[in-house]
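Okay, so here's the structure we're looking at.
In what follows, chains carry the letters A, B, and so on, assigned in the order in which the sequence lines appear, proteins first and then strands, with residues in each chain numbered from 1.
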Amino acid sequence: MRTNMIELDGVNKWYGNYHALSDVTGSVTNGEVLVVCGPSGSGKSTLIRTINRLEPIQRGTIRIGGEDIYKQGKDINALRAGIGFVFQQFNLFPHLSVRQNITLSPVKVGGMSRAQADELADSLLAKVGLAHKADAMPANLSGGQQQRVAIARALAQRPPVILFDEPTSALDPEMVGEVLSVMKQLAQDGMTMMVVTHEMGFARDVADWIWFMDEGKIVERARPDQFFTSPEHPRAQKFLSDVLRPHSVSSH
Amino acid sequence: MLELIQQYGVLFLVGSWPNGPLGGFAATLILAFLGMLLSFPIAIVIGIARTGGLRAPRLLATIWVYAFRGIPLVMIIFWAYFVLPRLTGIAVPAFVTALCAIVVYESAFLGEIVRAGLQGLPAGQAEAARSVGLSYGQTMWHVMLPQALANMVPSIVNQFVSTIKATSIVYIIGVQEVTFAAQQVNSMEVGKAFQTFMALACFYFTVCYLISLIAQYLERRMHRRQMGIA
(Lines give C-alpha, C1' and ligand atoms only; values in the text may rest on other atoms or scores of the structure.)
Protein backbone atom coordinates (compact mmCIF):
# COMPACT_ATOMS: atom_id res chain seq x y z
CA MET A 1 0.00 0.00 0.00
CA ARG A 2 1.34 3.43 -0.90
CA THR A 3 0.98 5.63 2.12
CA ASN A 4 3.08 8.55 3.24
CA MET A 5 5.74 7.62 5.77
CA ILE A 6 7.02 11.16 6.30
CA GLU A 7 4.93 14.26 5.68
CA LEU A 8 6.33 17.77 6.03
CA ASP A 9 3.89 20.64 5.97
CA GLY A 10 5.09 24.25 6.02
CA VAL A 11 8.10 23.47 8.21
CA ASN A 12 9.99 26.56 9.39
CA LYS A 13 13.04 26.81 11.57
CA TRP A 14 15.06 29.79 12.70
CA TYR A 15 18.42 29.93 14.48
CA GLY A 16 17.96 33.34 16.04
CA ASN A 17 17.39 35.55 13.01
CA TYR A 18 18.75 33.02 10.56
CA HIS A 19 15.94 31.34 8.62
CA ALA A 20 17.32 27.79 8.36
CA LEU A 21 14.21 26.11 6.95
CA SER A 22 11.64 28.06 5.06
CA ASP A 23 8.20 26.55 4.37
CA VAL A 24 9.46 23.07 3.61
CA THR A 25 6.62 20.88 2.38
CA GLY A 26 6.86 17.39 0.96
CA SER A 27 6.40 13.72 1.63
CA VAL A 28 8.16 10.40 1.45
CA THR A 29 6.09 7.38 0.50
CA ASN A 30 6.43 3.98 2.11
CA GLY A 31 9.31 2.02 0.63
CA GLU A 32 10.76 5.01 -1.20
CA VAL A 33 14.30 6.32 -1.11
CA LEU A 34 14.56 10.09 -1.02
CA VAL A 35 17.92 11.74 -1.54
CA VAL A 36 18.31 15.31 -0.30
CA CYS A 37 21.21 17.24 -1.75
CA GLY A 38 22.35 20.80 -2.03
CA PRO A 39 25.25 23.08 -1.17
CA SER A 40 26.51 23.29 2.42
CA GLY A 41 24.39 25.56 4.55
CA SER A 42 21.32 24.84 2.45
CA GLY A 43 19.51 23.30 5.44
CA LYS A 44 19.49 19.64 4.41
CA SER A 45 21.09 18.33 7.62
CA THR A 46 18.89 20.62 9.69
CA LEU A 47 15.84 19.28 7.87
CA ILE A 48 16.67 15.63 8.48
CA ARG A 49 17.43 16.35 12.15
CA THR A 50 14.01 17.91 12.69
CA ILE A 51 12.35 14.65 11.67
CA ASN A 52 13.34 12.84 14.86
CA ARG A 53 13.20 16.05 16.89
CA LEU A 54 16.96 16.43 17.35
CA GLU A 55 16.21 20.00 16.23
CA PRO A 56 12.98 21.72 17.20
CA ILE A 57 10.94 23.56 14.58
CA GLN A 58 9.09 26.82 15.12
CA ARG A 59 6.25 26.44 12.66
CA GLY A 60 4.62 23.76 10.54
CA THR A 61 3.93 20.08 11.12
CA ILE A 62 5.89 16.89 10.66
CA ARG A 63 4.04 13.60 10.57
CA ILE A 64 5.58 10.12 10.70
CA GLY A 65 3.21 7.33 9.79
CA GLY A 66 0.38 9.86 9.93
CA GLU A 67 1.14 11.01 13.48
CA ASP A 68 2.14 14.56 14.35
CA ILE A 69 5.51 14.29 16.11
CA TYR A 70 5.09 17.64 17.83
CA LYS A 71 1.66 16.74 19.21
CA GLN A 72 1.37 17.57 22.91
CA GLY A 73 2.11 14.59 25.12
CA LYS A 74 3.86 12.73 22.31
CA ASP A 75 6.27 10.18 23.82
CA ILE A 76 9.47 11.43 22.26
CA ASN A 77 11.53 8.38 23.26
CA ALA A 78 9.03 6.02 21.65
CA LEU A 79 9.03 8.23 18.55
CA ARG A 80 12.82 8.13 18.27
CA ALA A 81 12.94 4.39 18.94
CA GLY A 82 10.74 4.02 15.86
CA ILE A 83 13.05 5.99 13.57
CA GLY A 84 16.53 4.91 12.61
CA PHE A 85 19.13 7.67 12.43
CA VAL A 86 22.63 7.36 11.01
CA PHE A 87 25.07 10.18 11.70
CA GLN A 88 27.91 11.59 9.68
CA GLN A 89 30.34 10.93 12.57
CA PHE A 90 28.93 7.41 13.28
CA ASN A 91 28.60 8.25 17.00
CA LEU A 92 29.11 4.70 18.22
CA PHE A 93 29.39 4.41 22.00
CA PRO A 94 33.16 3.95 22.47
CA HIS A 95 32.88 2.29 25.90
CA LEU A 96 30.64 -0.50 24.58
CA SER A 97 31.53 -3.39 22.29
CA VAL A 98 30.04 -3.55 18.82
CA ARG A 99 27.38 -6.01 19.99
CA GLN A 100 26.53 -3.90 23.05
CA ASN A 101 26.18 -0.82 20.85
CA ILE A 102 23.47 -2.64 18.93
CA THR A 103 21.67 -4.28 21.86
CA LEU A 104 21.47 -1.20 24.12
CA SER A 105 18.23 0.15 22.70
CA PRO A 106 16.43 -3.19 22.11
CA VAL A 107 17.15 -4.20 25.74
CA LYS A 108 16.66 -0.86 27.52
CA VAL A 109 13.91 0.65 25.39
CA GLY A 110 12.37 -2.35 23.64
CA GLY A 111 12.41 -4.61 26.69
CA MET A 112 13.99 -7.48 24.76
CA SER A 113 15.84 -10.18 26.70
CA ARG A 114 19.61 -10.00 26.45
CA ALA A 115 19.82 -13.37 24.70
CA GLN A 116 17.27 -12.32 22.08
CA ALA A 117 18.99 -8.99 21.58
CA ASP A 118 22.38 -10.67 21.15
CA GLU A 119 20.89 -12.94 18.53
CA LEU A 120 19.35 -9.95 16.76
CA ALA A 121 22.68 -8.08 16.90
CA ASP A 122 24.58 -11.01 15.43
CA SER A 123 22.11 -11.40 12.57
CA LEU A 124 22.25 -7.66 11.80
CA LEU A 125 26.04 -7.70 11.92
CA ALA A 126 26.02 -10.57 9.44
CA LYS A 127 23.75 -8.48 7.24
CA VAL A 128 26.25 -5.59 7.16
CA GLY A 129 29.16 -8.03 6.74
CA LEU A 130 30.68 -7.63 10.20
CA ALA A 131 29.69 -10.83 12.00
CA HIS A 132 33.31 -11.37 13.01
CA LYS A 133 33.53 -7.96 14.74
CA ALA A 134 30.77 -8.47 17.33
CA ASP A 135 33.15 -8.38 20.28
CA ALA A 136 35.44 -5.65 18.96
CA MET A 137 35.53 -2.16 20.43
CA PRO A 138 34.57 0.69 18.07
CA ALA A 139 38.08 2.20 18.30
CA ASN A 140 39.44 -0.90 16.57
CA LEU A 141 37.21 -0.54 13.53
CA SER A 142 37.80 1.48 10.39
CA GLY A 143 35.45 4.35 9.64
CA GLY A 144 33.55 2.30 7.09
CA GLN A 145 33.13 -0.55 9.55
CA GLN A 146 31.98 1.84 12.27
CA GLN A 147 29.37 3.30 9.98
CA ARG A 148 28.12 -0.17 9.07
CA VAL A 149 27.79 -0.96 12.79
CA ALA A 150 25.88 2.31 13.18
CA ILE A 151 23.50 1.16 10.44
CA ALA A 152 23.06 -2.19 12.21
CA ARG A 153 22.37 -0.26 15.43
CA ALA A 154 19.67 1.72 13.67
CA LEU A 155 18.19 -1.46 12.19
CA ALA A 156 18.01 -3.08 15.64
CA GLN A 157 15.12 -0.75 16.48
CA ARG A 158 13.19 -2.39 13.61
CA PRO A 159 12.31 1.06 12.30
CA PRO A 160 9.96 1.54 9.35
CA VAL A 161 12.16 4.44 8.19
CA ILE A 162 15.85 5.31 8.46
CA LEU A 163 17.31 8.79 8.18
CA PHE A 164 20.92 9.15 6.97
CA ASP A 165 22.72 12.43 7.64
CA GLU A 166 25.69 12.51 5.25
CA PRO A 167 26.64 8.91 6.11
CA THR A 168 29.77 8.82 3.95
CA SER A 169 31.08 12.38 4.32
CA ALA A 170 33.49 11.53 7.14
CA LEU A 171 34.90 8.44 5.43
CA ASP A 172 38.12 7.87 3.55
CA PRO A 173 37.31 7.47 -0.14
CA GLU A 174 38.03 3.74 -0.25
CA MET A 175 35.47 3.08 2.50
CA VAL A 176 32.58 4.93 0.92
CA GLY A 177 31.68 1.99 -1.31
CA GLU A 178 31.16 -0.55 1.48
CA VAL A 179 28.72 1.76 3.29
CA LEU A 180 26.83 2.68 0.13
CA SER A 181 26.44 -0.96 -0.85
CA VAL A 182 24.87 -1.75 2.55
CA MET A 183 22.49 1.17 2.03
CA LYS A 184 21.69 -0.01 -1.47
CA GLN A 185 20.84 -3.46 -0.09
CA LEU A 186 18.50 -1.86 2.45
CA ALA A 187 16.76 0.07 -0.31
CA GLN A 188 16.31 -3.12 -2.31
CA ASP A 189 14.79 -4.77 0.77
CA GLY A 190 12.13 -2.06 0.67
CA MET A 191 13.28 0.15 3.56
CA THR A 192 11.96 3.70 3.51
CA MET A 193 14.99 5.96 3.52
CA MET A 194 15.74 9.65 3.57
CA VAL A 195 19.39 10.29 2.74
CA VAL A 196 21.29 13.55 2.88
CA THR A 197 24.34 12.95 0.72
CA HIS A 198 26.75 14.30 -1.84
CA GLU A 199 27.13 10.85 -3.42
CA MET A 200 25.51 11.55 -6.76
CA GLY A 201 26.20 8.03 -8.03
CA PHE A 202 24.12 6.64 -5.17
CA ALA A 203 21.40 9.21 -5.87
CA ARG A 204 21.29 8.25 -9.53
CA ASP A 205 21.17 4.49 -8.89
CA VAL A 206 19.07 4.18 -5.77
CA ALA A 207 16.89 7.27 -5.24
CA ASP A 208 13.23 7.33 -6.18
CA TRP A 209 13.14 11.09 -5.71
CA ILE A 210 15.71 13.83 -5.34
CA TRP A 211 15.13 17.05 -3.47
CA PHE A 212 17.58 19.82 -4.14
CA MET A 213 17.76 22.40 -1.37
CA ASP A 214 19.13 25.92 -1.34
CA GLU A 215 18.86 28.56 1.37
CA GLY A 216 16.43 26.52 3.47
CA LYS A 217 14.03 25.78 0.62
CA ILE A 218 13.43 22.82 -1.64
CA VAL A 219 14.07 24.46 -4.98
CA GLU A 220 13.81 21.38 -7.14
CA ARG A 221 12.24 17.95 -6.74
CA ALA A 222 12.66 15.45 -9.51
CA ARG A 223 13.16 11.85 -10.51
CA PRO A 224 16.90 11.05 -10.73
CA ASP A 225 17.07 10.70 -14.52
CA GLN A 226 15.37 14.04 -14.95
CA PHE A 227 17.47 15.69 -12.24
CA PHE A 228 20.75 14.58 -13.74
CA THR A 229 19.91 15.16 -17.39
CA SER A 230 17.87 18.35 -17.27
CA PRO A 231 17.83 20.12 -13.93
CA GLU A 232 15.53 23.12 -14.05
CA HIS A 233 16.70 25.43 -11.31
CA PRO A 234 19.88 27.38 -12.13
CA ARG A 235 21.29 26.67 -8.64
CA ALA A 236 20.83 22.93 -9.25
CA GLN A 237 22.48 23.23 -12.65
CA LYS A 238 25.52 24.90 -11.13
CA PHE A 239 25.62 22.40 -8.25
CA LEU A 240 25.56 19.46 -10.63
CA SER A 241 28.21 20.86 -12.88
CA ASP A 242 30.40 21.36 -9.78
CA VAL A 243 29.90 17.98 -8.10
CA LEU A 244 29.94 15.87 -11.25
CA ARG A 245 33.34 17.25 -12.18
CA PRO A 246 34.83 17.39 -8.70
CA HIS A 247 38.43 17.06 -9.81
CA SER A 248 38.50 19.71 -12.45
CA VAL A 249 40.43 22.64 -11.13
CA SER A 250 39.97 25.63 -13.33
CA SER A 251 43.19 27.40 -14.23
CA HIS A 252 43.32 30.97 -13.04
CA MET B 1 64.00 11.86 62.60
CA LEU B 2 64.37 8.08 62.41
CA GLU B 3 64.46 7.71 66.19
CA LEU B 4 61.33 9.81 66.34
CA ILE B 5 59.56 7.54 63.92
CA GLN B 6 60.86 4.50 65.78
CA GLN B 7 59.59 5.84 69.05
CA TYR B 8 56.31 7.36 67.94
CA GLY B 9 55.60 5.38 64.76
CA VAL B 10 52.52 3.75 66.22
CA LEU B 11 51.18 7.11 67.37
CA PHE B 12 51.75 8.51 63.88
CA LEU B 13 50.04 5.53 62.27
CA VAL B 14 46.99 4.83 64.45
CA GLY B 15 47.03 7.45 67.24
CA SER B 16 46.17 6.17 70.70
CA TRP B 17 44.29 3.18 69.33
CA PRO B 18 43.50 0.54 70.66
CA ASN B 19 43.46 2.29 74.05
CA GLY B 20 41.72 5.37 72.68
CA PRO B 21 39.94 6.34 69.45
CA LEU B 22 41.58 5.44 66.15
CA GLY B 23 43.77 8.34 65.08
CA GLY B 24 47.02 8.99 63.28
CA PHE B 25 47.47 8.40 59.61
CA ALA B 26 44.79 5.69 59.56
CA ALA B 27 42.21 8.27 60.63
CA THR B 28 43.50 10.73 58.03
CA LEU B 29 43.02 8.17 55.25
CA ILE B 30 39.60 7.10 56.51
CA LEU B 31 38.49 10.72 56.75
CA ALA B 32 39.70 11.53 53.24
CA PHE B 33 38.29 8.33 51.76
CA LEU B 34 34.87 8.71 53.39
CA GLY B 35 34.87 12.38 52.44
CA MET B 36 35.40 11.54 48.77
CA LEU B 37 33.01 8.59 48.84
CA LEU B 38 30.14 10.56 50.40
CA SER B 39 30.70 13.69 48.34
CA PHE B 40 30.67 11.71 45.10
CA PRO B 41 26.90 11.13 44.80
CA ILE B 42 26.34 14.81 45.61
CA ALA B 43 28.92 15.75 42.98
CA ILE B 44 27.15 13.67 40.33
CA VAL B 45 23.84 15.38 41.10
CA ILE B 46 25.59 18.78 40.93
CA GLY B 47 27.37 17.93 37.68
CA ILE B 48 24.15 16.75 36.02
CA ALA B 49 22.18 19.73 37.32
CA ARG B 50 24.85 22.13 36.06
CA THR B 51 24.76 20.65 32.54
CA GLY B 52 21.02 19.99 32.41
CA GLY B 53 18.29 22.10 30.90
CA LEU B 54 16.25 22.73 34.06
CA ARG B 55 16.71 26.23 35.43
CA ALA B 56 16.05 25.80 39.14
CA PRO B 57 18.39 22.83 39.71
CA ARG B 58 21.05 24.50 37.59
CA LEU B 59 20.84 27.67 39.66
CA LEU B 60 20.92 25.81 42.98
CA ALA B 61 23.88 23.69 41.92
CA THR B 62 25.73 26.77 40.69
CA ILE B 63 25.17 28.57 43.99
CA TRP B 64 26.35 25.49 45.90
CA VAL B 65 29.53 25.25 43.85
CA TYR B 66 30.42 28.93 44.02
CA ALA B 67 29.57 29.21 47.72
CA PHE B 68 31.61 26.28 48.98
CA ARG B 69 34.45 26.68 46.52
CA GLY B 70 34.87 30.27 47.60
CA ILE B 71 35.15 29.63 51.34
CA PRO B 72 38.26 28.22 53.03
CA LEU B 73 37.75 24.72 54.41
CA VAL B 74 38.64 25.91 57.89
CA MET B 75 35.63 28.28 57.85
CA ILE B 76 33.30 25.46 56.89
CA ILE B 77 34.77 23.34 59.68
CA PHE B 78 34.22 26.06 62.28
CA TRP B 79 30.75 26.66 60.95
CA ALA B 80 29.92 22.95 61.13
CA TYR B 81 31.46 22.76 64.59
CA PHE B 82 29.14 25.43 65.98
CA VAL B 83 26.04 24.92 63.83
CA LEU B 84 25.70 21.12 63.61
CA PRO B 85 25.05 20.60 67.36
CA ARG B 86 22.42 23.36 67.34
CA LEU B 87 20.78 21.97 64.22
CA THR B 88 20.67 18.39 65.42
CA GLY B 89 20.34 19.05 69.16
CA ILE B 90 22.96 16.42 70.01
CA ALA B 91 26.67 16.54 70.63
CA VAL B 92 28.19 15.65 67.27
CA PRO B 93 31.57 13.89 67.50
CA ALA B 94 34.46 15.93 66.13
CA PHE B 95 35.19 13.29 63.51
CA VAL B 96 31.64 13.47 62.14
CA THR B 97 31.73 17.27 62.18
CA ALA B 98 34.95 17.25 60.19
CA LEU B 99 33.56 14.65 57.78
CA CYS B 100 30.44 16.74 57.09
CA ALA B 101 32.55 19.82 56.39
CA ILE B 102 34.85 17.90 54.06
CA VAL B 103 31.93 16.31 52.18
CA VAL B 104 30.31 19.69 51.57
CA TYR B 105 33.62 21.28 50.54
CA GLU B 106 34.74 18.46 48.26
CA SER B 107 31.32 18.09 46.61
CA ALA B 108 31.75 21.57 45.14
CA PHE B 109 35.09 20.68 43.53
CA LEU B 110 34.07 17.19 42.49
CA GLY B 111 30.82 18.55 41.06
CA GLU B 112 32.84 20.76 38.74
CA ILE B 113 34.94 17.76 37.70
CA VAL B 114 31.76 15.84 36.85
CA ARG B 115 30.41 18.82 34.91
CA ALA B 116 33.63 19.11 32.90
CA GLY B 117 33.60 15.35 32.29
CA LEU B 118 30.07 15.49 30.89
CA GLN B 119 30.66 18.61 28.83
CA GLY B 120 33.88 17.17 27.43
CA LEU B 121 32.03 14.37 25.63
CA PRO B 122 31.20 14.89 21.95
CA ALA B 123 27.64 16.20 21.45
CA GLY B 124 27.05 13.28 19.10
CA GLN B 125 27.07 10.82 22.01
CA ALA B 126 23.96 12.26 23.62
CA GLU B 127 22.33 12.68 20.22
CA ALA B 128 23.02 9.07 19.27
CA ALA B 129 21.68 7.84 22.60
CA ARG B 130 18.51 9.91 22.30
CA SER B 131 18.04 8.90 18.67
CA VAL B 132 17.92 5.19 19.58
CA GLY B 133 15.11 6.07 22.00
CA LEU B 134 16.93 6.21 25.34
CA SER B 135 15.40 8.60 27.87
CA TYR B 136 17.42 11.43 29.41
CA GLY B 137 18.09 9.30 32.50
CA GLN B 138 19.08 6.25 30.47
CA THR B 139 21.33 8.40 28.30
CA MET B 140 23.09 9.68 31.41
CA TRP B 141 23.38 6.29 33.05
CA HIS B 142 24.33 4.08 30.10
CA VAL B 143 26.16 6.45 27.77
CA MET B 144 27.30 9.72 29.34
CA LEU B 145 28.38 8.90 32.90
CA PRO B 146 30.44 5.78 32.10
CA GLN B 147 32.46 7.72 29.55
CA ALA B 148 32.68 10.88 31.62
CA LEU B 149 33.78 8.99 34.75
CA ALA B 150 36.50 7.17 32.84
CA ASN B 151 37.82 10.50 31.56
CA MET B 152 37.57 11.97 35.04
CA VAL B 153 39.77 9.42 36.81
CA PRO B 154 42.92 11.58 36.74
CA SER B 155 41.06 14.62 38.09
CA ILE B 156 39.33 12.56 40.77
CA VAL B 157 42.62 11.13 41.98
CA ASN B 158 44.08 14.61 41.97
CA GLN B 159 41.18 15.72 44.12
CA PHE B 160 41.69 12.74 46.46
CA VAL B 161 45.32 13.71 46.96
CA SER B 162 44.30 17.26 47.71
CA THR B 163 41.61 16.01 50.12
CA ILE B 164 44.15 13.94 52.06
CA LYS B 165 46.22 17.05 52.56
CA ALA B 166 43.18 19.19 53.34
CA THR B 167 42.21 16.90 56.23
CA SER B 168 45.28 18.13 58.13
CA ILE B 169 43.28 21.22 59.10
CA VAL B 170 40.72 19.27 61.16
CA TYR B 171 43.10 18.93 64.11
CA ILE B 172 41.90 22.39 65.16
CA ILE B 173 38.59 20.94 66.34
CA GLY B 174 40.38 18.07 68.03
CA VAL B 175 39.94 15.30 65.49
CA GLN B 176 42.62 12.71 66.11
CA GLU B 177 44.47 12.22 62.88
CA VAL B 178 48.08 12.37 61.81
CA THR B 179 48.63 16.12 62.19
CA PHE B 180 47.06 15.89 65.63
CA ALA B 181 49.49 13.05 66.42
CA ALA B 182 52.39 15.20 65.24
CA GLN B 183 51.24 17.96 67.55
CA GLN B 184 51.24 15.48 70.43
CA VAL B 185 54.75 14.33 69.59
CA ASN B 186 55.88 17.92 69.30
CA SER B 187 54.58 18.75 72.75
CA MET B 188 56.36 15.73 74.23
CA GLU B 189 59.72 16.18 72.49
CA VAL B 190 60.90 19.70 73.11
CA GLY B 191 63.28 21.08 70.49
CA LYS B 192 62.48 18.48 67.80
CA ALA B 193 59.83 20.38 65.93
CA PHE B 194 61.71 20.23 62.64
CA GLN B 195 62.15 16.46 62.75
CA THR B 196 58.58 15.89 63.89
CA PHE B 197 56.99 17.88 61.12
CA MET B 198 59.45 16.48 58.61
CA ALA B 199 58.22 13.01 59.56
CA LEU B 200 54.64 14.24 59.15
CA ALA B 201 55.45 15.61 55.70
CA CYS B 202 56.97 12.25 54.74
CA PHE B 203 53.74 10.47 55.64
CA TYR B 204 51.67 12.78 53.46
CA PHE B 205 54.13 12.73 50.60
CA THR B 206 54.54 8.94 50.49
CA VAL B 207 50.85 8.21 50.34
CA CYS B 208 50.03 10.96 47.88
CA TYR B 209 52.85 9.79 45.64
CA LEU B 210 51.66 6.19 45.78
CA ILE B 211 48.13 7.25 44.89
CA SER B 212 49.41 9.16 41.87
CA LEU B 213 51.20 6.01 40.71
CA ILE B 214 48.00 3.98 41.04
CA ALA B 215 46.17 6.65 39.08
CA GLN B 216 48.67 6.44 36.23
CA TYR B 217 48.25 2.68 36.13
CA LEU B 218 44.43 2.91 36.11
CA GLU B 219 44.49 5.53 33.39
CA ARG B 220 46.67 3.39 31.14
CA ARG B 221 44.55 0.30 31.75
CA MET B 222 41.33 2.14 31.00
CA HIS B 223 42.78 3.54 27.81
CA ARG B 224 43.91 0.08 26.72
CA ARG B 225 40.48 -1.37 27.41
CA GLN B 226 38.76 1.25 25.31
CA MET B 227 41.26 0.60 22.55
CA GLY B 228 40.36 -3.09 22.88
CA ILE B 229 43.90 -4.22 23.69
CA ALA B 230 43.32 -5.66 27.16
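Heavy-atom distances place both the backbone and the side chain of A:Phe93 under 4.5 Å from chain B. Of the two parts of A:Leu92, only the backbone, made up of N, CA, C and O, holds a non-hydrogen atom closer than 4.5 Å to a non-hydrogen atom of chain B. If you measure heavy-atom distances from A:Arg53 to chain B, you find no contacts under 4.5 Å at all. Interface residue B:Ala129: backbone and side-chain heavy atoms are both found under 4.5 Å from chain A. For B:Gln125, the parts sitting under 4.5 Å from any heavy atom of chain A are the backbone and the side chain alike. In this structure, the portion of A:Leu54 lying under 4.5 Å from any heavy atom of chain B is its side chain and not its backbone.
Judged by distance alone, with hydrogens and angles left aside, the side-chain atoms of A:His95 form no donor-acceptor pair with the main-chain N or O of B:Ala150 at under 3.5 Å. Looking only at distances, no side-chain donor or acceptor of A:Ser105 sits under 3.5 Å from a matching main-chain atom of B:Gly133. Side chain of B:Gln138 to backbone of A:Lys108: a donor-acceptor contact under 3.5 angstrom is found.
Scanning all heavy atoms of the two residues, the minimum distance from A:Asn52 to B:Ser131 falls at ND2-CB, 3.6 Å. In terms of heavy-atom proximity, A:Arg80 sits nearest to B:Arg130 at CD-O, 3.0 Å.
Here A:Pro94 is the residue among A:Ala81, A:Pro94, A:Gly84 with the most heavy-atom pairs under 4.5 Å with chain B.
Residue-environment remark: OH (A:Tyr15) exceeds the threshold of 12 foreign heavy atoms within 6.0 Å. In the displayed structure, A:Arg158 atom CZ is contacted under 6.0 Å by at most 12 heavy atoms of other residues, nucleotides or ligands. Counted within 6.0 Å of OH on B:Tyr217, heavy atoms from surrounding residues, nucleotides or ligands total 12 or fewer; the atom is thus considered open. Within a 6.0 Å sphere centred on NZ of A:Lys74, heavy atoms belonging to other residues, nucleotides or ligands number more than 12. Under a cut-off of 6.0 angstrom, the local environment of CZ in B:Phe95 is crowded, with over 12 non-hydrogen atoms contributed by other residues, nucleotides or ligands. Annotation: A:Trp14, atom CH2; neighbour count of heavy atoms from other residues, nucleotides and ligands within 6.0 Å is above 12. Within 6.0 Å of the CD atom in B:Gln119, the count of heavy atoms belonging to other residues, nucleotides or ligands exceeds 12.
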Practice prompt. Show the numbers, then the answer: is there a side-chain contact (heavy atoms from CB on, under 4.5 Å) between B:Val143 and A:Leu104?
Written response: CA-CA 10 Å; B:Val143 175; A:Leu104 184 62; 4.0 Å; yes

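You'll find the side chain of B:Leu134 stays beyond 4.5 Å of the side chain of A:Asn77, heavy atoms only. Residues A:Gln89 and B:Pro122 have side chains not in contact (no heavy-atom distance under 4.5 Å, counting atoms from C-beta outward).
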